[in-house]
Amino acid sequence: MMVLRRLLRKRWVLGVVFGLSLIYFLTSTLKQEERTIRDRTLLEAKDSDHRIPWKVRFNLGNSSRQMTQCRNSIQGKTLLTDELGYVCDRKDLLINGCCNVNAPSTRQYICKSCLANGCCSIYEYCVSCCLQPDKQLLLERFLNRAAEGFQNLFTAVEDHFELCLAKCRTSSQSVQHENTYRNPQAKYCYGESPPELLPV
């Protein structure tokens with residue numbers, strides 16, 4: 001009799017634990033499914049015609065305007081690009097973040113190391129070349145055709161400079177099989193096409 005009571009208690013406890021676990025699992029699964037459906041519905045409602053509301057402001061190409069402060073590409077060890085498209089040596093960067101335009105090595109809208117497809121071997125030259133006013137149409141075409149996978153990255157971008165910084169960073173377009181560069185010599189791209197795949 002004692003053994004039977006112990007057995008019943010154990011089965012009852014196990015049954016309760018199993019029942020509660022099953023309820024928790026089913027509730028979590030249903031909530032996740034509801035969240036997924038709600039998110040998908042919101043995306044479809046927000047973007048029913050698949051147009052992304054880009055808010056990029058392009059510069060007017062008026063490089064002679066005086067700026068009191070400049071943003072720049074920051075991370076370069078030896079070169080930097082400011083938001084006016086000037087590339088300069090790090091030592092020629094002024095306190096306000098702008099390149100010293102009077103320094104002998106400073107150049108504006110320089111495409112040195114860039115190929116015809118818009119892929120460059122040096123990040124700072126990619127950004128500078130991308131900032132050329134005549135690249136606006138190409139960038140607008142890219143934005144209008146951008147896959148939804150890029151939406152989170154590029155809707156956060158507010159102007160031409162930020163777009164070029166983001167576009168020139170090494171992206172999945174630059175790699176093959178997620179671990180090797182399509183073209184190790186030209187991996188920074190502002191153009192519409194990925195780098196040409198070089199034979200191994």
### Task
Evaluate the criterion side-chain contact (heavy atoms from CB on, under 4.5 Å) for residue pair C130 and K135; output intermediate values, then yes/no.
CA-CA 6 Å; C130 175; K135 301 293 188 290; 5.6 Å; no
### Query
Could you give the distance from SG (C164) to CZ (R169), rounded to the nearest 0.5 Å?
11.0 Å
### For K91, salt bridge (Lys or Arg N to Asp or Glu O under 4.0 Å) partners two or more places apart
D89
### Side-chain heavy atoms of E124 within contact of V127, under 4.5 Å
no
### Message
Please report the interatomic distance CD1(I23) to OG1(T27), rounded to the nearest 0.5 Å.
### Response
7.0 Å
### Task
Treat each ILVMFWY residue as a node, draw an edge where side-chain heavy atoms are under 4.5 Å apart, and state whether L80 and V87 are in one component.
no
### Message
Keeping D82 on the side-chain end and C99 on the backbone end, is there a donor-acceptor pair under 3.5 Å?
### Response
yes
### Message
For the CD atom of E140 and the NE2 atom of H160, what is their distance to the nearest 0.5 Å?
### Response
9.5 Å
### Message
Taking Y109 as the starting point, is it possible to reach Y125 by hopping between hydrophobic residues whose side chains are less than 4.5 Å apart?
### Response
no
### Query
With a 2.5 Å cut-off on the SG atoms, do C168 and C120 make it?
no
### Task
Determine, stepwise, if the pair S121 / L115 fulfils side-chain contact (heavy atoms from CB on, under 4.5 Å).
CA-CA 9 Å; S121 60; L115 305 174; over 6 Å; no
### Task
Please report the shortest heavy-atom distance between E83 and Q69, naming the atom on each side.
OE2-O, 4.1 Å
### Query
For the Cys pair C129 and C111, is the SG-SG distance shorter than 2.5 Å?
yes
### Task
Keeping the roles fixed (side chain from R71, backbone from G97), state whether a donor-acceptor pair exists under 3.5 Å.
no
### Task
Go through the structure and list residues passing side chain to side chain donor-acceptor pair (under 3.5 Å) with T106, not counting sequence neighbours.
none
### Query
Using links of under 4.5 Å between side-chain heavy atoms of ILVMFWY residues, direct or through other members, which residues join I74 in one cluster?
none
### Query
If only atom types and distance count, is the side chain of K167 paired as donor or acceptor with the main-chain N or O of G191 below 3.5 Å?
yes
## Note on the structure
In this structure, CD1 of I95 is separated from CG of N100 (nearest 0.5 Å) by 11.5 Å
### Query
Just by distance, do the side chain of Y190 and the backbone of L131 share a donor-acceptor pair under 3.5 Å?
no
### Query
Hey, is the main chain of T81 close enough, under 3.5 Å, to the side chain of N72 for a donor-acceptor pair?
no
#### Entry: Test item: S128 side-chain N/O and G85 main-chain N/O as donor-acceptor pair under 3.5 Å
yes
### Message
SG to SG below 2.5 angstrom is the rule I want applied to C119 and C126. Does it hold?
### Response
no
### Task
Take L138 and Q132 through the test side-chain contact (heavy atoms from CB on, under 4.5 Å) and record every step on the way to the result.
CA-CA 11 Å; L138 177 128; Q132 288 181 339; over 6 Å; no
### Message
Test side-chain contact (heavy atoms from CB on, under 4.5 Å) on Y86 and R107; report intermediate values, then the result.
### Response
CA-CA 5 Å; Y86 286 99; R107 298 281 182 272; over 6 Å; no
### Message
In this structure, would F161 and Y123 fall into the same cluster of hydrophobic residues linked by side-chain contacts under 4.5 Å?
### Response
yes
### Query
Does one hydrophobic cluster hold both L93 and L165, with members joined at side-chain heavy-atom distances below 4.5 Å?
no
